[in-house]
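The next block holds one structure in the form of structure tokens; read it before the comments.
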Amino acid sequence: MAVNLKGKDLLTLHDWSSEEIWQVLKTAEHLKRLRHMGQRFEPLSGKTLAMIFAKPSTRTRVSFEAGVTQLGGHALYLSTNDLQLGRGETIADTGRVLSRFVDAIMIRTFKHSHVEELAEAATVPVINGLTDDYHPCQVLADLLTIYEKKGRIEGLKLAYVGDGNNMTHSLMLGGAKLGMSVVCASPAGLSPNPAIVEKARAAAAATGAEISVVNSAAAAVAGADIVYTDVFVSMGQDADRERKLQALAGYRITTALMAQAKPDALFMHCLPAHRGEEVEAAVIDGPQSVVFDEAENRLHAQNGLMVLVM
Ligand code: CP
Ligand code: NVA
């Protein structure tokens with residue numbers, strides 16, 4: 001039975017049931033097939049998506065903008081430098097005003113609480129395009145990629161190695177909801193937020209997934225179906241750059257580390273990547289890497305999401 005997702009916000013995957021997440025993935029699969037067959041499908045005709053960006057972006061901006069166009073609608077790129085938001089207009093007023101003009105708002109910003117404030121004030125659906133704490137759209141694309149490559153999600157093990165960040169949090173929540181175990185290997189002081197790990201564990205209780213945090217990268221990747229990493233220094237963290245690079249030096253994904261995962265393990269990375277920093281070029285450009293399929297799936301996963309919520 002399909003659930004009605006019209007008007008629903010996507011702030012974190014914690015607020016979405018496994019049934020709702022699967023509905024996005026199945027819709028995405030269908031839309032991807034239509035697009036690859038060259039068939040037009042324009043359910044967003046006459047609709048507009050506002051896209052607020054307080055941080056840079058390649059994938060998120062282009063996949064949302066191109067996606068809305070493909071679905072017959074129009075997307076507006078709004079930098080916080082150009083909006084009155086940059087001159088002191090409140091987030092709530094921005095949300096109220098934009099809701100009078102557009103059919104959904106996507107936002108990429110720093111504090112997660114700002115996205116919550118926006119969603120509280122807006123009367124149209126709000127989509128989180130990355131905050132300091134979460135990146136749910138990326139994980140929808142990642143789950144779609146895993147499903148395509150492995151034929152299932154439940155029962156798999158994903159090892160995330162590196163900085164315990166927004167990606168780690170969203171992967172843990174997404175994995176927990178769909179029954180995929182997620183283990184994060186990070187050095188002391190750079191582990192994911194314990195409160196979010198706890199939320200993921202609580203959600204995992206219903207699906208049998210295991211959510212854990214360890215220090216050893218080798219222990220994490222043992223038996224893993226997917227090895228995942230992300231940049232060592234996220235947007236907005238440049239002041240902490242040297243400390244992070246030092247602490248994470250032993251957490252690079254090398255061919256030797258990949259060899260300790262399952263032989264058919266996938267290598268995933270949300271991108272942008274820094275070859276030689278969090279991952280060796282031989283891994284990200286090697287046969288186990290699916291990073292560009294993963295990037296393409298941003299488009300299809302978000303198209304599925306928009307068709308359902310807008
Ligand atoms: N993965 C991702 O969100 O990429 P961008 O920062 O380029 O949007
Ligand atoms: N953790 C990274 C993800 C980029 C898509 C960042 O926040 O910069």
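Start at 1 and go down the list; that is how both ligands and their atoms are numbered.
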Quiz item: Is the shortest N/O to N/O distance between Cys270 and ligand 1 below 3.5 Å?
Solution: yes
Practice problem: Would you tell me whether Asn166 and Gln138 have side-chain atoms, one donor and one acceptor, within less than 3.5 Å of each other? | Solution: no
Quiz prompt | Pair Asp225 + Lys149: basic N to acidic O under 4.0 Å | solution = no
Quiz item: Is it true that the side chains of Gln84 and Arg87 contain a donor and an acceptor less than 3.5 Å apart?
Solution: yes
Quiz item: Nearest protein heavy atom to atom 7 (O) of ligand 1, by residue and atom, and its distance?
Solution: Thr58 N, 2.6 Å
Quiz prompt | ligand 1 contacted by Arg61 (non-hydrogen, < 4.0 Å) | solution = no
Practice problem: Output yes when Glu29 and Lys32 qualify as a salt bridge under the 4.0 Å nitrogen-oxygen rule, no when they do not. | Solution: no
Quiz prompt | N/O separation below 3.5 Å, Met235 to ligand 2 | solution = yes
Self-check item: For atom 6 (C) of ligand 2, the option (of Pro272, Ser57, Ser234, Cys137) bearing the nearest heavy atom
Solution: Ser234
Quiz item: Is the His169-His14 ring centre distance short of 6.0 angstrom?
Solution: no
Quiz item: Any idea which protein heavy atom is nearest atom 4 (O) of ligand 1, and the distance to it?
Solution: Arg59 NE, 2.8 Å
Quiz item: What atoms of ligand 2 come closer than 4.0 angstrom to any heavy atom of Leu271?
Solution: 5 (C)
Quiz item: With backbone taken as N, CA, C and O and side chain as the heavy atoms from C-beta onward, which portion of Arg108 lies under 4.0 Å from ligand 1: side chain, backbone, both, or neither?
Solution: side chain
Exercise. Please check if any side-chain donor atom of Asp133 sits under 3.5 Å from a side-chain acceptor atom of Asn193, or the reverse.
Key: no
Exercise. List the closest protein heavy-atom neighbour of atom 3 (O) of ligand 1: residue, atom name, distance to the nearest 0.1 Å.
Key: His135 NE2, 2.8 Å
Quiz item: Do Thr229 and Glu278 have side-chain atoms, one donor and one acceptor, less than 3.5 Å apart?
Solution: no
Quiz prompt | For atom 2 (C) of ligand 1, closest protein heavy-atom neighbour | solution = Arg298 NH1, 3.3 Å
Exercise. Please identify which atoms of ligand 2 are closer than 4.0 Å to at least one heavy atom of Asn166.
Key: 1 (N), 2 (C), 6 (C), 7 (O)
Exercise. Specify side chain, backbone, both or neither for Leu271, according to which of its non-hydrogen atoms lie closer than 4.0 Å to ligand 1.
Key: backbone
Exercise. Can you pull out the closest protein heavy atom to atom 3 (C) of ligand 2? Residue, atom name and distance to 0.1 Å, please.
Key: Asp230 OD2, 3.6 Å
Quiz item: Quick one: which ligand 2 atoms are inside 4.0 Å of a heavy atom on Leu130?
Solution: 3 (C), 4 (C), 5 (C), 7 (O)
Quiz item: Heavy-atom distance under 4.5 Å between the side chains of Ile105 and Val124, does that happen here?
Solution: yes
Self-check item: Donor-acceptor side-chain pairing of Asn165 and Thr168 below 3.5 angstrom
Solution: yes
